[in-house]
Amino acid sequence: MQPKENIPEKLLKPYDPTETEPRLYTLWEKSCLFNPDICIEKGFTLPNAKPFTIMMPPPNVTGVLHMGHATMITLEDIMIRYHRMKGDRTLWLPGTDHAAIATQSKVEKELTKTEGKSRHDLGREAFLEKVRNFAQESHDTIVRQVKTMGASCDWSREAFTLDETRTGAVLTMFKKMYEDGLIYRGTRVVNWDPKGQTTIADDEIVYEERMAKLYTFKYAHDFPISISTTRPETKVGDTAVAVHPDDPRYKEYIGKTYDIEFCGVPLHITIVADESVEQEFGTGALGVTPAHSMIDEQIAKKHNLPTIPVINEYAKMTVGDERILNKKTTVAREAIVAWLREEGLLEKEEEVKQNVATAERTGGIIEPLPKLQWFINVTKPIPARGNKTLKEIMRGPIENGAIKIIPDYFNKTYFHWIDNLRDWCISRQIWYGHRIPVWYKDQEIYVGITAPEGEGWVQDEDTLDTWFSSSLWTFSTLGWPEKTEDFAIYHPTDVLETGYEILFFWVARMILMTGYALDTIPFHTVYLHGTVRDGQGRKMSKSLGNGIDPLDVAREYGADAGRMALVVGTAPGTDSKISYDKIKAYKHFANKLWNITRFILGSTNNEHIEAPLLPSDIEQLTKYNEIAKDITKDIEDYRFYMASEKLYHYVWHELADILLEESKEIFLSGTPEAQNSRKTLLQTLLKQSLVMLHPFMPFVTEEIWSLIPHAEKETTLLMVTPWPVH
RNA sequence: GCGCGGUUAGCUCAGUUGGUAGAGCAAUCCGUUUACACCGGAAAGGUCGGGGGUUCAAGUCCCUCACCGCGCACCA
């Protein structure tokens, strides 16, 4: 008998996530239980409970969130909800990143497109106003998306990398590092992006393989050595030719100097010997252009060679006659090749594959230029840290296991990166970001949080690399440099969950800043997720039109389904594929839970039943407890892909397919004792399953929880119901 | 060039300390008896990339080769 009149009406229809999810999120928010203080106040968390903290990697305010963000939100919410239910003092602090270059270039592009203006037409303040508006809109969209996915983060503590508190932290850190001699200003060849009109960091460069021509020629007829280059136009800035000291072909020329005229430009070339020159490559001789190549700059330094800049910030030539002066490098290249041909100096021309350095954000081709910039010295011993260098500070916690990276094979990649690390150029010639807190007056320099007293001080025009502020994230979010209670309780944080592609950009630099400023680590565990690809394994991109919008997923299938699809079968560090087929499967699963509930409520007349269990049913409960323990272990060990799959399997193929099916027979012809025992069992197993599924599928489980009968001691909100396994 | 992954059922991927392989999706057959067709049942499908080694025992450890992907560097 199924007395339908006792079943809540909505349970008689299929589960409807679109109606349920927004309603429940509002309910959760109203309860304020995303805030750990309130959890303590209401008695769901003990005041002396162990803290568990995750700082949400702040999404860039450049637009909307994609499936990668959805993965991040899902994994973090799983951990957070699990720990909250376990009774930990659980804080998940959300925020957004101003993403300096990315955001500015987006607004600039839009400005050019719609109004045909550049940022200089508007001026610094007016342009910044536009960027701020854009960032605000983008922020609001992002917050909506994060909420749609069910993230149980504490909005009362929300942070932005460019808000007042975070700016205070950034400026304080800059000053501190400057005073410790770790931040310095110097002229060095840097990666200049002519399109974005700014320097960029080494790891903001994307290499694109292209075909290029490698030209072999002599500077002049009376010059003894041939050289090869793909960039003949830079040769007007050459001050030396480097050869290997053991190369018999060139030994006799080492130390000699030559005065020549190269396409109308007088050159003074010294032949130097340098071990770094490969004898087998090209002619075995390297034309040294100290101003426009990082390698050449090093050679020039070693041999005390002069540096002659010949290319400006717009990638135009600054020397020569009308053939090349003020011409774009590419145009000048052709002019010089034509001249070489005319003069009969060109010996060889061959097609080679070449990696061209381009700027990640603008796509501009990088022009190495000598520029006066601010740098962080990563190899200077720091007395306050036992004379360790920043490189060593970054290396230490990974080496000694204080920070664990999951999966651990990323350790090697991490060390490899540190080994190749050069000083970090932190100044950017853009407007959106933290302006460098340095003021100049004549020969004087002032570094401070606020402008110096007195007349005539001019602030540095540049802003800081966006990763400078991101690297303070685990503690700037807690109010540092103020000695806040939050900081005392929640730092170091527990887990940093992010994509492996920003291991160096961000993770390493957080370790650097935290080690330097606080002499501790920012987090104990780094969980790296892979890139989410489409069903065919392609990266999701706008141009391919294969992106999946998390909001669409929530609307069509429910956020729960999207979350499960992102987590089941997704091992850390490994790229995963997502398709609507997979998402649909978990929508069906939510509905399965719904129907299981309907059956159980129908069979128990929607009453809470606590009857003695028959031995066979006790056995079922024991079996469940085993599985629950196993799943809890999986969660503790960050195997969310396994935990979620096991839960899915248990609910569908044990609880539904076996237990529910055999219950039908019991309810039809079993003894009253057997019936009551089974009713108790089913109710217990359903509730336990809901509890354990909650971190993975928070909405449908919370909704069912609100529809089923409970014992008096049970809490009304599933999200703060205690985890059954300890 | 240096380094890191991957190669397991048609597809996507699991396989935690070595004990002769698992899930989802798809495909096949049967079933609509009141939780659910967003369903149930059944069967099918893999010499775990090739080769070699260690071991009583290897997808799992070691060596080697091949292919795919990625990172870093070089890019005269």
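Per chain, numbering begins at 1; letters A, B, ... match sequence-line order.
In this structure, A:I502 and A:T498 approach most closely via the heavy-atom pair CD1-OG1, 3.2 Å.
Taking a pair as Watson-Crick or G-U wobble with both distances under 3.5 Å, RNA chain B forms stems of 3 or more consecutive pairs at B:1-7 with B:66-72, B:10-13 with B:22-25, B:28-31 with B:39-42, B:49-53 with B:61-65.
Contact check, A:W652 against B:rG40: a side-chain N or O comes under 4.0 Å of OP1 or OP2. Regarding contacts with the backbone of B:rC39, a side-chain N or O of A:H588 is found under 4.0 angstrom from either OP1 or OP2. Applying the 4.0 Å criterion to OP1 and OP2 of B:rC70, one finds that A:H416 has every side-chain N and O outside that range. Residue A:Y500 has no polar side-chain atom (N or O) positioned under 4.0 Å from OP1 or OP2 of B:rG5.
The residue from A:I225, A:V277, A:I271 that alone fulfils the side chain to side chain contact (heavy atoms under 4.5 Å, CB included) condition with A:Y250 is A:I225.
Under 4.0 Å is where a charged nitrogen must lie from a carboxylate oxygen, and between A:K587 and A:E556 no such pair does.
Under 3.5 Å, the side chains of A:Y414 and A:D419 contain no donor-acceptor pair of N or O atoms.
Between the C1' atom of B:rU34 and the CD1 atom of A:I7 lies a distance of 11 Å, rounded to the nearest Å.
Residue A:E9 places its CD atom among 12 or fewer non-hydrogen atoms of other residues, nucleotides or ligands, all under 6.0 Å distant.
In this model, a side-chain donor or acceptor of A:K592 finds a partner on the base of B:rC36 within 3.5 Å.
Which of B:rC72, B:rC38, B:rC25 sits closest to the side chain of A:P14 comes down to B:rC38. In the set B:rA35, B:rC75, B:rC4, the nucleotide with an atom closest to the side chain of A:N355 is B:rC75. Residue A:M642 places its side chain closer to B:rA14 than to any other of B:rC25, B:rA35, B:rA14. Here the nucleotide nearest the side chain of A:T413, chosen from B:rA14, B:rC75, B:rC4, is B:rC4.
When heavy atoms are screened at a 4.0 angstrom cut-off, A:K633 is found touching no nucleic acid atom at all. Heavy atoms of A:T574 sit under 4.0 angstrom from primed sugar atoms or phosphate atoms, though from no base atom.
Using a 4.5 Å heavy-atom threshold, the side chains of A:N606 and A:P709 count as touching. Residues A:V236 and A:I324 are in side-chain contact: their nearest non-hydrogen atoms beyond the backbone lie under 4.5 Å apart.
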